[in-house]
Every structure is written in structure tokens, then in C-alpha cells.
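Working notes, structure below.
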Amino acid sequence: MNKSSVSAAVIGASGYTGQEMARLLASHPGFRLSHATSESRAGQSLAGNGLRYTRAAEVPLAEVDVVFTCLPAGESAEWALAARSAGARVIDLSPDLRDGRGGAVYGLPELWRSEIGSAELVANPGCYPTGILLSLVPLARSGLLDRSRTVMVDAASGVTGAGRHARTDLLYGEVAEDYRAYGVGNTHRHVPEIRTGLERGSGGAIPFVFTPHLLPVRRGILETMYVPVAEGIAAAEVKEAWRAAYAAETFVRLLPEGLPSLRDVVYGNEVALGAADVQDVDAPLVLVVAAFDNLLKGAAGQALQNANLMFGFEETDGLWPL
Ligand SMILES: NC(=O)c1ccc[n+]([C@@H]2O[C@H](COP(=O)([O-])OP(=O)(O)OC[C@H]3O[C@@H](n4cnc5c(N)ncnc54)[C@H](OP(=O)(O)O)[C@@H]3O)[C@@H](O)[C@H]2O)c1
């Protein structure tokens, strides 16, 4: 296939992840954004783009090479599976297919790259799970993590993480100058995905408590993990395990010193990882912090990494530098 002829449709292109997806595709050297959908904005122009939004039902799915479905949970699978049935290769950004439904391959390249290139249907990982899995799987694989104790994860996301549809609890007056936990007690919908990913990535269960928080910034996720480690293990060994796992990875930035913050990562496709020693504890712990952009490495950027792998482009095309 002539690379510049790879046509791409974004279903749900008026939402936060869909907008990002359309923007990345429009400037990609190989993909051509052919369709962008919105039910509420059908007929309106996309900013900075010659296209107009169409309704999802108007997209000729059989004529498009790759379809990115960026719809709310519960709405996305139907379109992803319809596009796949019509013959398109599909990347679904929603949680709908992350359990492997429809034969979907879980698309986290840094951990499971070899499965993605030949995949016809990819379930793009959730934003919170991306940072947790990239942080913890190499530590568990190299035996540093003490599985008999519980990893505590405090995570905070900017408000774009909740999507673009109107919600009273996400009004500026409700979130500004506030900071709150939600989905506490391992009830957040990402918990099963995190559990499965940790188990699959490391060959055994890893107990954890995941507490997400709503941070009143537009974008970015910061995850603070209290990681029980084996006797004699400190931050230096954690960093060494990451270096061994991610030496060749463009989108994992390892901080030799200090911890990452959101300003290090927003508007880019990298996850930044840092680790610090913890003093005066009964049993050894290492503090791990992961930071990344929820709409890029947590969604559209990672989806484009997957698409690049599926269509034989450089994995970094359209993503590095951003
Ligand atoms: N936001 C994040 O940080 C993030 C990160 C990772 C994964 N995700 C996942 O990605 C998906 C999209 O998230 P988002 O934040 O981009 O959501 P969003 O901002 O609410 O956008 C949803 C999009 O879907 C369209 N849509 C809604 N219902 C539809 C339907 N029944 N038929 C066709 N189109 C429909 C909307 O179009 P109109 O309303 O214009 O018609 C809009 O374009 C979700 O499943 C989410 O869990 C989000």
C-alpha cells in the first residue's frame, strides 16, 4: 500500500480525544484524515482543516483503511465492531473492548509491541492504567516488587479526562480551586484493566489500591505510587530496572534525579517516570511518580503509536517531536 494513501476516519471527532486524534492525523506524513464525525456538529468545519464533520452513519466504513473510535464507554464498541466487519482496521479508544472482546489486541506498545503490528482490532489502553502498568510491570518482572504487600496508587487527572459533554459536577464553579478523590475503594472502572494488565505483564497478581482524584487543570495525569519492594531494594534499583526495560523507548522518559510534574509532559506523548527512597518505614518502600498527558500518551498519541505499528510507519511518526 502506498503509505500516503492510508485513509483514516475518526468517529467522535468533536470530543477531547477525537479532536486530538484528528489533529495528529491531519499532520501525519502517511495517514490522510478522510472523515471526522460528530452528531451534534454535523456540517460544521473542523478548525484548521478542510473537512466538515459528518454523522457517523455517513462514513463509508468499507472504503476507509483505519477507523479510530473515540466514543463514550458503551457507545464505542458498536462502531468499532461495525468498522471491523466492513473491513477497516480499527483502534478503539474507549474501554469497551479492553477485555479482548471481538479479538481486540491490547495496544500498549512498550509492553506488548509484538502483538500490535498484525492486529486488525486494537483496544487502546485507559489513561490511568497506562502510567501504572508502565511503572510497575518492569519492577515486578525483575523481582523488585514485594507482591505480599499492597501497592498504593494516588492518581490525579485534569478535567479533560472526564470528556467534553456537559456535567454539573465538572462546571468551573464546582472544580476550580478544589481537589477531590472520586471512585474510591477500588471502584473506578479502570481497576479491572489495571489488575489484568499487572497480572498479564508480570505473571502473577499484584495487590493494589487505586484512588483517582480530580485536579482542576485542563490536561495531564500524575500518579504517585507507594511501591513495596524486596529487602535491600531502593530507588536506584528501580531506576535501573526501568533503564533496562525502556532503553530503546522514545516515549518513556526516565528522570535520573527528582520526580516528574505535569509541566514536563503535557502536550507531548511521553510518560515521565521518577523514583525516590522513603525513610522511616517498617518495610521497604520506593515512591514512584508517573506523569503524562491524558489525551496523548493516555489516549490519541498512544492510538497513533499503535496505528503506526499496524501500517508499517515509524512508531514515532507524527508524534516526535510534538
Ligand atoms: N478524555 C480522556 O482523557 C480519555 C483518555 C483515554 C480514553 N478515553 C476514552 O475515550 C473515549 C472518548 O473520550 P472523550 O473524552 O473524547 O469523550 P467526549 O469528549 O465526551 O467525546 C465523545 C465523542 O463521541 C461522540 N458521540 C457521543 N455519543 C455518540 C453516539 N451515540 N454516536 C456517535 N457519536 C457519539 C461525541 O459527538 P457529538 O456529541 O458531537 O455528537 C464526541 O465527538 C471514551 O470512551 C473515554 O473513556 C478518554
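In this text the structure is predicted, and so the values were computed from the model without any measurement. Just the heavy atoms: all of them, side chains too, but no hydrogens, waters or symmetry mates, feed the values below.
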- Any side-chain heavy atom of Leu46 sitting closer than 4.5 Å to one from Arg52? no

- Message: For Gln302 and Asn269, which I'm curious about, is there any donor-acceptor pair between the side chains at under 3.5 Å?
- Response: no

Residue set satisfying salt bridge (Lys or Arg N to Asp or Glu O under 4.0 Å) with Glu199, at least two apart, ordered chain then number -> none

- Do Val90 and Leu97 touch side chain to side chain, with heavy atoms closer than 4.5 Å? no

Same apolar cluster: Val288 and Ile221, side chain cutoff 4.5 Å | yes

side-chain contact (heavy atoms from CB on, under 4.5 Å) with Met310: of Ile91, Asp65, Val105, only one passes, and it is Ile91

Practice item. May I ask you to establish whether Arg89 and Phe311 are in a cation-pi arrangement, using a distance under 6.0 Å from NZ or CZ to the six-membered ring centre and at most 45° from the ring axis? Key: yes

message = Under a 3.5 Å cutoff, is there a donor and acceptor pairing between the side chains of Thr316 and Asn308?
response = no

Checklist entry - Take atom CZ in Arg243; do more than 12 heavy atoms of anything else shown fall under 6.0 Å from it? => result yes

Next on the checklist: Could you check whether any side-chain heavy atom of Pro109 comes within less than 4.5 Å of a side-chain heavy atom of Glu315, counting everything from C-beta outward?
Outcome noted: yes

Is the side chain of Ser45 donor-acceptor paired with the backbone N or O of Ala47 at a distance under 3.5 Å, no angle test? no

The remaining residues in the hydrophobic cluster of Val265, counting side-chain heavy-atom contacts under 4.5 Å among Ile, Leu, Val, Met, Phe, Trp and Tyr, are none

Where the side chain of Asp293 meets the backbone of Tyr267, is there a donor-acceptor pair that is under 3.5 Å apart?
yes

Salt bridge (Lys or Arg N to Asp or Glu O under 4.0 Å) filter on Asp282, not counting sequence neighbours, yields none

_side chain to side chain contact (heavy atoms under 4.5 Å, CB included) assessment of Val229 paired with Asp146_ = CA-CA 5 Å; Val229 287; Asp146 177 357; 5.8 Å; no

I'd like to check Val252 versus Glu270 (side-chain heavy atoms, cut-off strictly below 4.5 Å). Are they in contact? no

On a heavy-atom basis, the closest approach of Thr69 and Ser76 is CB-OG, 3.6 Å

Would Glu39 and Tyr53 satisfy side chain to side chain contact (heavy atoms under 4.5 Å, CB included), going step by step from the backbone distance to the final call?
-> CA-CA 8 Å; Glu39 308 309 299; Tyr53 291 111; over 6 Å; no

- Beyond-backbone contact of Leu136 with Val227, side-chain heavy atoms, under 4.5 angstrom: yes

Residues 53-62 vs salt bridge (charged side-chain N to carboxylate O under 4.0 Å, His left out), sequence neighbours excluded, gives none

Any side-chain heavy-atom pair of Leu25 and Phe68 under 4.5 Å: yes

For Tyr128, the ring-ring contact (aromatic ring centres under 6.0 Å, His included) test, sequence neighbours excluded, returns His188, His190, Phe210

Quick check: do Arg189 and Val191 have side-chain heavy atoms less than 4.5 Å from each other?
no

Can the positive tip of Arg84 be found less than 6.0 Å from the middle of the six-membered ring of Trp79, inside 45° of the ring normal?
-> no

Cluster membership besides Leu295, Ile/Leu/Val/Met/Phe/Trp/Tyr side chains within less than 4.5 angstrom, sorted by chain and number, is Tyr16

CG of Leu259 to CG of Leu287, rounded to nearest 0.5 Å, is 6.0 Å

>> Determine whether the aromatic ring centres of residues Phe292 and Phe251 are separated by less than 6.0 angstrom.
In response: no

Can you confirm whether or not the ring centre of Tyr182 sits under 6.0 Å from the ring centre of His213?
no

